[in-house]
Amino acid sequence: MAYGTTHSQAADTIPVHITDQSALCAREEDDFRVDMLVDAGARVEQGAPVLRSRRHNELMLVAPVAGEVASVDLGPGKRLSQVVFFHASGNGRRTYDVAALRSGANPAEIRAALLSSGLWPLLRSRPFGRFPLPGEVPAAIVVMAADTRPGASPPALALAGREEDFERGMAAISTLTSGPLLLCRDAGSMRAGPAVNFGKAVVVDVAPAHPRGLPGLQIARRCPATVEHPVWDIHAEDVAGIGAFLSTGLVPETKLVSMTGDALRESMLVRCQPGADLRALCFDIVKPGPHRLLSGSEIDGVESRWLTTLARQLAAVKMPGIAPRPHWFATALRRSGRPLPIIPTAALDQAFASMLPAAPLVRALAANDAETAVRLGALSLVEEDLALADSMTGATPRLASMLRAMLDRIEVEGVA
Amino acid sequence: MKRGIWDRETVALLLLAAILPLAVTWLLATGMSGAFRLLFVLVAAGAWHLVFMVARAQPPSFAGAITALAIAVLAPTDIGPFAMLLGISFGVIAGELAFGGWGRNVVNPATVAIAFLGFGFAAAPWPVLPVQLGWSVAAVAAIGTAVGVMSVRVIAGAIALLLLGWWQGLLTIPAFTAAAVVLVLLVCDPVTAAATGLGRWLYGLLYGALVLMFAAGWHGAAPVQAAISAALLVTLAAPLLDEIALRIWLARSKRVG
């Protein structure tokens, strides 16, 4: 896939944009039940814990900015919907005591520090694609220093000048697993960068063609996840953030986010806080007219007001005009035989970068054949890994939603 | 969030576009009789598509036109219109529409129809394909593989074996032509062909091997008859070849933990 904008900004000229509002949010299906540690109206430091998971008491989420808690919105059963913050400079940053962690790497202490400082949800566990349970031991950890989504923010820029933090972060997360630690890096930009000592990490060069830079495909190919042996993945910038946290005790303030899409006058890079307000981020460069803001790329993004936890991209896409209502007969024909058949072509193979047997996997998903899908690596995948196949084939219903339904069923019932 | 174009009808239209050089060559070679024959098959197959659309709400597909062309080119000649109608109906219904339409079928409807006609009416002569049809296959294969609706692996595997057979004197020119035309019209159908990387190589090679085997050992078979038989057998073997390829892929992929 040769699309995409190239970002040619130098690392030190990227503007920092802390939006006035930001939020911690969760979807209803995440079923994330929380206890609030602060009330609406409270003033908080950046990085101070604001809520605690009810299921796992050691897991905290922290304030993304220094300021005031604007509103707390919990659903039934104290499920987190969103907690909104107003930014107000001058409230300072919370400093955690990391003196004990600096000297020796004790896995249990590192785990506890990540859990209490809100950095834990930056890890993602497969199967199922949620943040890992606090006691979970992964069979492998994959660090992604490559992102091939169209217009993605280049990890090399995010890491520029932070080599030391990155090394420290790699050393820290390598203690969390006894299995392999893989570093997938962009074959072009990352190799040219300064020499970094990756410790015990195995370095994998990833060709700059989507979807090769998706962690799901790399995991499915190199270290497939199973229910008993979960595999974690984390972005390289977050590893550097962990490294910085372990040396200074400060939770990272910003992350590198790229803004792309046909509803923007130009695409640009910006450093903003986690959970930033997407409307405010692109306010200056958005074209007039109706558009939708996606957290994520235009292929796999989800419509959202806020930047989601793992997203490093904002896509602003024009809303299509109102299509004329199709004839009732055409609608009846279109809806009668779902899922629509997907013809195995070269396009489908490329949507999986020929790294997975595309046609058998898609057939197993469409037929809800969990046994075959698991055999072919479905447990290593999450929605974003099938987004390109969805977007290419126009599959109806979406493969991503069929995969999610299958994963949910496997989570409840176990592997068939 | 963008919707793509590679749905069923796009693939069908691209296949149709790829096959156009062959269709034009065939119509130029056969003239009015060929045109009437194609029209007859199109109407008969299209009627069943309409019946299934009304009765079962199955949207008709442009792939029906590819089926019709394959039947018109490859079915035995000098069969009465009633027998022809019977064969077309059997192939289109039992081979495709009963499974839910193109994209869900397990065998190519044209292969079924032609095999039914050829073996059911054994006295009817098989068509002799004009030699220029064989040359048009090169254009078909080039377009089909360039747009990605035909597999390079299937074509490369099959053509390699066919060329080997021709070089060894095993295949005559008419036999080579028939095998090549059947390859692009029936064997390369993306729905019923093997769908894994290694499976596609095996599928193409098996088709070539079957054609060579029939050429060497099946005396008295017409070139088209041998090619159709090979196409029918190799279609039935496609799921097995895919399963073999998947087993090998799984055995070679690494496991951790």
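Here is the naming used below: chain letters follow the sequence lines, and residue numbers restart at 1 for every chain. Only heavy atoms go into these numbers, but all of them, side chains included; no hydrogens, no water, no symmetry mates. Computed from a predicted model, the values in this text were never measured in an experiment.
- There is no contact between B:Leu14 and chain A, counting heavy-atom distances below 4.5 Å.
- In plain terms, the two heavy atoms of A:Pro357 and B:Thr196 that are nearest each other are CB-CG2, 4.2 Å.
- Each of A:Ile342, A:Thr345, A:Leu348 was evaluated against B:Trp6; a single residue qualifies, A:Thr345, per the side-chain contact (heavy atoms from CB on, under 4.5 Å) test.
- Only the side chain of B:Glu243 comes within less than 4.5 Å of a heavy atom in chain A; its backbone stays farther off.
- Contacts of A:Pro344 with chain B are made by both backbone and side-chain atoms, with heavy-atom separations under 4.5 Å.
- Only the side chain of B:Val11 comes within contact range of chain A, with heavy atoms under 4.5 Å apart.
- Taking both residues in full, the closest heavy atoms of A:Met355 and B:Trp249 are given as O-CZ2, 3.7 Å, listed atom of the first, atom of the second, then distance.
- When A:Pro360, A:Ala359, A:Ala351, A:Gly179 are compared by the number of non-hydrogen pairs under 4.5 Å with chain B, A:Pro360 comes out ahead.
- Between B:Leu250 and A:Arg375, the shortest heavy-atom distance links the atoms CD2-O, 3.1 Å.
- Heavy-atom minimum distance, A:Leu340 versus B:Arg104: CA-NH2, 4.2 Å.
- Counting heavy atoms from C-beta on, the side chains of A:Asp349 and B:Arg200 come closer than 4.5 Å.
- Both the backbone and the side chain of A:Leu356 come within contact range of chain B, each with at least one heavy atom under 4.5 Å from a heavy atom of that chain.
- Of the two parts of B:Met150, neither the backbone nor the side chain holds a non-hydrogen atom closer than 4.5 Å to a non-hydrogen atom of chain A.
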